[in-house]
Protein chains: 2
Amino acid sequence: MLYSNDQNGHLIYGRKEVTIINPILNNLKLEKQKLIINAAIKEFVKRGFEKASTNEIVKEARISKGSLFNYFHSKKDLYIYLIEYGVQVIEDFYEQIDLSETDLFKRIENIGLQKLYIHKKFPHVFDFLAAAIQEESAEVKDMIKEKVDPVYDRGTELIYKHIDYSKFREGIEIEKAIEILNWTMFGFGEKGLHQINTFEDLHEFGEKYLEEWKGYTEILKYSFYK
Amino acid sequence: MLYSNDQNGHLIYGRKEVTIINPILNNLKLEKQKLIINAAIKEFVKRGFEKASTNEIVKEARISKGSLFNYFHSKKDLYIYLIEYGVQVIEDFYEQIDLSETDLFKRIENIGLQKLYIHKKFPHVFDFLAAAIQEESAEVKDMIKEKVDPVYDRGTELIYKHIDYSKFREGIEIEKAIEILNWTMFGFGEKGLHQINTFEDLHEFGEKYLEEWKGYTEILKYSFYK
DNA sequence: AACACAAATGACCAAATCGGTCAATTGGAT
DNA sequence: ATCCAATTGACCGATTTGGTCATTTGTGTT
């Protein structure tokens, strides 16, 4: 079971754990693995591949330098691992998209909510892969292009697959309407992330989040739909 | 004359040059000054104050290390100069806001267009000041708070000053509508910046930009206004 | 308590990079 | 030809880099 719906019809996040092969790291407690992965991703997002400091990573992850280089042979290996990990997270994220839901607003709502849950586990995956595409370091550039680019292409295709565009009113430029909806979702998402850590219960936050989001969709539906 | 309008009523960008006191730097040709300022801003945005490398800056600005430290006594002095410079750019940007224009869409349109022109001259000023507020380095933190925070406060106040909200339809949540408009402007602006460098003539691009923007405002006006 | 083995540590390495200096060179004006 | 300001990049000591490894710590077995 990849996902399920509760009595309100809201998508429940319950994916399988992402695992990239790394015999040594995989023996650690999941909590610790997450700590290391997130610390490393954070540093790579902040400084880029070359300038990212392994010293900063071990400080943030609260492990020793020796341990880091026990888990990963080199900084480059660590980076490659994180790229593969991030790609895996996004791939699983795609799998969650309910393609039988043809209403654009409901589709986007589900996607936004799932992004929220992913953020709770891996706060910077999306930023990381976005930043990776911009990487300049020759040492990793080709590898990134090979592994990350296809993921993005598949994503933009999937998100809009089987959407029912007949609901749109005459005369509206649908492409522009979709862009507005995307920018709104992105902006609202960013706003949500600033508040998310002030909430104890993620589910409680999710409810409030969805409730507030309805306000925005109402405004846009008024313009988009017949 | 800070600004003027052409026959189409579009705002023409013709501000006074921003000048922060620095006797040595000011003797340079404006082109070269801009090159140095933009190179430095870019590096500080990318790496933050402490990790930013003066070596990278001189490489990007195509000047020697000796020159940089002839223009500025230290990396910190350079940073302070850039903050003051950025603040000045934003302050002048505020002055351009036509407060007699009470229509929200026209107000936002002007602001978006001006941001575009500023970006042509100083591609990363807005990013720079936004990043500065997040700076952690104790060496510059207080100075930033003192100089940058007030600018932001004044900005959000000015942008919405004297707007005529009576044009909005009954039942719409105006705060949310404004957020949507802002996110749309921001998203559209980002998209524009990716195309701007492919255009020779900035004025020509500005025209196309405005024309396309109209499509988005039409969609939103349909929902926002009576 | 004694042992065995795995996991984690941080002092340490050579190499690179850091912010900053300055003697030497260049360029333009007279 | 002379002068002086502007520019350069080799160079400084200090710090930080990615990466190593002898040593310590933790855990389970006997």
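Numbers restart at 1 for each chain; the letters A, B, ... are given by sequence-line order, proteins then strands.
Checking each of F186(B), Y152(B), F93(B) against F126(B) for a ring-ring contact (aromatic ring centres under 6.0 Å, His included) leaves exactly one that passes, namely F93(B). Evaluated for a side chain to side chain contact (heavy atoms under 4.5 Å, CB included) with L129(A), the options I90(A), V151(A), V89(A) yield exactly one hit, I90(A).
We find that CD1 of I57(B) is positioned 11 Å from P of dG20(C), with the value rounded to whole Å. One atom, NZ of K59(B), and another, P of dT17(C), lie 9 Å apart when rounded to the nearest Å. If you take CZ of F72(A) and P of dT20(D), they are 15 Å apart, rounded to a whole angstrom. In this structure, F49(A) atom CZ and dG18(D) atom P are separated by 9 Å, rounded to whole Å. Atom CG of L68(B) and atom P of dC18(C) are 13 Å apart (whole Å). Taking atom CD1 of residue I63(B) and atom C1' of nucleotide dT26(C), one finds them 17 Å apart after rounding to whole Å. Spacing between atom CD1 of I36(B) and atom P of dA6(D) amounts to 13 Å, rounded to whole angstrom units. Taking atom CG of L25(B) as the reference point, atom P of dA5(D) lies 18 Å away to the nearest angstrom.
Within the 3.5 Å criterion, the main-chain N or O of H162(A) finds no donor-acceptor partner in the side chain of R107(A). Q33(A) places a side-chain N or O within donor-acceptor distance of the main-chain N or O of N26(A), the cut-off being under 3.5 Å.
The salt bridge (Lys or Arg N to Asp or Glu O under 4.0 Å) analysis of residues 63-80 of chain B, with sequence neighbours excluded, yields no pairs.
Here I24(B) lies out of heavy-atom contact (under 4.0 Å) with every strand.
For K32(B) and dT7(D), the shortest distance from a side-chain N or O to OP1 or OP2 is below 4.0 Å. A close approach under 4.0 Å does occur between a side-chain nitrogen or oxygen of S67(A) and OP1 or OP2 of dT9(C). For the pair Y71(A) and dA7(C), the criterion of a side-chain N or O lying under 4.0 Å from OP1 or OP2 is not met.
With no hydrogens or angles considered, a side-chain donor-acceptor pair links Y216(A) and E179(B) at under 3.5 Å.
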Produce the list of close N/O pairs, under 3.5 Å, pairing protein atoms with atoms of nucleotides 15-17 of chain D; give distances to one decimal.
residue : atom : partner : partner atom : Å
dT17(D) : OP1  : S53(A)  : OG           : 3.0
dT17(D) : OP1  : K51(B)  : NZ           : 3.0
dT17(D) : OP2  : N55(A)  : ND2          : 2.7

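Each of dG19(D), dA7(C), dG9(D) was ranked by its minimum atom distance to the side chain of S64(B); first place goes to dG9(D).
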For residues 36-45 of chain B, please give each side-chain donor-acceptor pair under 3.5 Å, one per line with the distance, not counting sequence neighbours.
residue : atom : partner : partner atom : Å
N38(B)  : ND2  : K34(B)  : O            : 3.2
N38(B)  : ND2  : K121(B) : O            : 3.1
K42(B)  : NZ   : E60(B)  : OE2          : 3.2
E43(B)  : OE2  : S53(B)  : N            : 3.0

